[in-house]
J.: 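Here it is, the structure, as structure tokens.
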Amino acid sequence: MIGAGIAKGMAVTLRNFVGSYLEEDRLTTVQYPEERNPLPENYRNFPILIFDGNDPHAGLRCVACKICEKECPPQCIYITKSEDKKPDYMGKPQFYPAVFDIDISVCMSCQICVEVCPFEAIKMDKEFELSKRERFNALLERKEQLAKSNEYYHHIHPVEAAQVDKNLAEAAAAAEAKKKAAAAATTAKASSVGDAVSVPGKPAASPTAQSLGSTSSPGVSPPAAN
Amino acid sequence: MSATSSQELEQAPPRMSSRLEGELMEVSLGPQHPSTHGVFRMNVALEGEIVRKLKPVFGYLHRNHEQIGESAGYLQAMPYTDRLDYFCSMTNNWAYALSVEKLAGIEVPERAEYLRIILAELTRLQNHTSLLGFLLSDMGAWGTPLMYAFREREKILDLFESLSGARMMCDYMRFGGCRVDANDDWIAGAKKIVDLFPKFLDEFEDLILQNEIVIARTQHVGKLSPELAISAGITGPMLRASGVNYDIRKIDKYGFYPRFKFRVPLGDHGDTYDRLMMRALEMRESLSILQQAFAQIQPGPVMNPKVKIRAFKPPVGEAYGRIEAPKGELGFYLISDGSANPYRYRVRPPSFINLTILEDMCLGHTVADVMVILGSIDIVMGEVDR
Ligand code: SF4
Ligand code: SF4
């Protein structure tokens, strides 16, 4: 019968229309910005730099090794290595980035910088409301804007951050054990400063093994450092 | 008065370009036409409403993908593959990872293979769902079917987001596995969506497949003979709608597909209706593959620990890896000279090659049919132009 198929389709439309008032899974829109869907744990947007403790300069984990600058596919990271060295969390002198800029108008949120960083220094942010009134400088994020505390990192990626802290603590412990074995006399002052967080002066593992470890997520145990 | 003027018009010398001699009217459809699926232009020569000539014009979205692939490293090209066919970034990732794995002889852990199949089939589901919605909106059913399709697609994209961090630009696979593991919650969530999907499919089929208008607009429209399809290199659902049994999942047996039981639907007539049905039937098969995958997947590592992420240098050689992407055969051809960049990086895009047949399918049909035929090819301009 001509028209039966159309009538059937109309019945579906009617069912959906009425259903959108009654059923949860037919009413899927959310009134943003008043209502928001929670972001998933793994959500990623633009990179941030992590620092430990309270001082963004002293605690910055980044040692300006420039690996991420080299590996970034659209080449949107600009790093200038410092002239001098600053003591890192373990008290070991390290270079730090004098300039660390990310052009977020070029960044494509691919997370490769996070995967290759051997020092767990760069992570992905979840902030997505980033509209700016200015087209040029406002989209170039400086070191000061990029630096975020480890607490913030724990806040946005709780599971991943806990895993990273565990990795770092393990690496620190391994480094310390090594040191102890080498020279028992010098171990006293190298005891860790933070309670949950302690950053090794040098990664115990080779950069490759570490970078693989940094890609781990809930549910994966990091590959053994060799 | 009006009679004389129309007579005058008839006798007036032709004002069209000399090439068309005034018998045909040349119309440019696109690149901003709302139903041309992205920045795509068709120059059609019309006789009344009938298409007599059709010239596809593309290249508006060209962004040098292959050259970028050659100048960036192997890993660096991975996020760019997301941007080829931005509906199916997971399958793009897989095709690229597969060819690099072939090139360098990398093994993939079992769980990663299962995850890849799950993600590829979910991608197929969401691609075909949104294709049906777009096709209907090309036919003039504005909004409603497309919104129903997008509602379901969004559930799958939410799954992708919670796994990979982004809805569409997933950048999820790596050579030798997948970037992160899926936890049990994710698998349970995916299973729930797959369990509920047949309900939506039933409803969607009720909505469109028996609709007299859809039937009138699609049956015997844009017929593609199997011979022409084969000689033009058409792949994917479009080829199978013409009745050619060619599914790379069955032929190449890549990944763990030989472990799965599924059928390959085939069409009889090769018209637009068959292509539409083909998508609906393929989704049913994808659902059965997904259910089997959820039953078989075991915990384990998802990444081959031997693979170096940084400074990845495959041995000298060449490789062509291809998979059955939702739109057809997606292949990456790589030549390595042993350095960190591929010497040659070539994409074999299904959308582009399926599009080459457009003129043959459209000749003799009306302008309105051209839109429907174009919609049934299933193109994404990001992949056509690269
Ligand atoms: S790879 Fe890590 S430590 Fe090195 S420069 Fe980049 S953020 Fe800093
Ligand atoms: S996320 Fe990707 S594009 Fe953005 S800075 Fe990191 S490596 Fe570069």
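We use all heavy atoms of the structure for the numbers below, so side chains are in, but hydrogens, waters and symmetry mates are not.
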J.: If you count the non-hydrogen atoms of other residues, nucleotides and ligands that lie under 6.0 Å from NZ in Lys70(A), is the total more than 12?
T.: no
J.: With a 3.5 Å distance limit and no angle check, can you tell me whether Asn42(A) reaches the backbone of Ser164(B) through a side-chain donor-acceptor pair?
T.: no
J.: For a 4.5 angstrom cut-off between non-hydrogen side-chain atoms, does Tyr80(B) reach Pro74(A)?
T.: yes
J.: Is Tyr148(B) in contact with chain A via its backbone, its side chain, both, or neither, using a 4.5 Å heavy-atom distance?
T.: side chain
J.: In Å, rounded to the nearest 0.5 Å, how long is the span from CZ of Arg179(B) to CD of Gln111(A)?
T.: 4.0 Å
J.: Taking atom CZ of Phe17(A) as the centre, report whether more than 12 heavy atoms of other residues, nucleotides or ligands fall under 6.0 Å from it.
T.: no
J.: Please answer whether the main-chain N or O of Glu71(A) pairs with a side-chain N or O of Gln76(B) as donor and acceptor at a distance below 3.5 Å.
T.: yes
J.: Only pairs of heavy atoms separated by less than 4.5 Å count here; which of Leu163(B), Ile208(B), Thr144(B) has the most with chain A?
T.: Leu163(B)
J.: Walk me through whether Asn16(A) and Glu203(B) qualify under side chain to side chain contact (heavy atoms under 4.5 Å, CB included).
T.: CA-CA 10 Å; Asn16(A) 272 279; Glu203(B) 197 179 276; 2.9 Å; yes
J.: Answer yes or no: does atom NZ of Lys126(A) have more than 12 heavy-atom neighbours from other residues, nucleotides or ligands under 6.0 Å?
T.: yes
J.: Please identify, among Ala166(B), Ala77(B), Ser162(B), Pro145(B), the residue contributing the most non-hydrogen atom pairs under 4.5 Å to chain A.
T.: Ser162(B)
J.: Tell me whether Lys192(B) at atom NZ has more than 12 heavy atoms from other residues, nucleotides or ligands lying less than 6.0 Å away.
T.: no
J.: For a 4.5 angstrom cut-off between non-hydrogen side-chain atoms, does Thr29(A) reach Glu154(B)?
T.: no
J.: Counting only heavy atoms not in His155(A), do more than 12 fall under 6.0 Å of its NE2?
T.: no
J.: May I ask you to check whether over 12 heavy atoms, not counting those of Tyr21(A), lie within 6.0 Å of atom OH?
T.: no
J.: Let me confirm one number: the CE-CG distance from Met10(A) to Asp206(B), rounded to the nearest 0.5 Å.
T.: 14.0 Å
J.: With chain A, which of Arg83(B), Arg167(B), Met169(B) has the greatest number of heavy-atom pairs at distances under 4.5 Å?
T.: Arg83(B)
J.: Would one find more than 12 heavy atoms of other residues, nucleotides or ligands at under 6.0 Å from atom CD of Gln75(A)?
T.: yes
J.: Under a 4.5 Å heavy-atom cutoff, which of Ile68(B), Ile215(B), Leu75(B), Ile213(B) has the most pairs with chain A?
T.: Leu75(B)
J.: Decide yes or no on side chain to side chain contact (heavy atoms under 4.5 Å, CB included) for Asp171(B) and Arg44(A), but give the supporting numbers first.
T.: CA-CA 11 Å; Asp171(B) 184 26; Arg44(A) 63 189 147 94; 3.9 Å; yes
J.: Would a distance-only check, ignoring hydrogens and angles, find a side-chain to backbone donor-acceptor pair under 3.5 Å from Glu161(B) to Tyr43(A)?
T.: no
J.: Side chain, backbone, both or neither: which part of Ile112(A) has a non-hydrogen atom closer than 4.5 Å to chain B?
T.: side chain
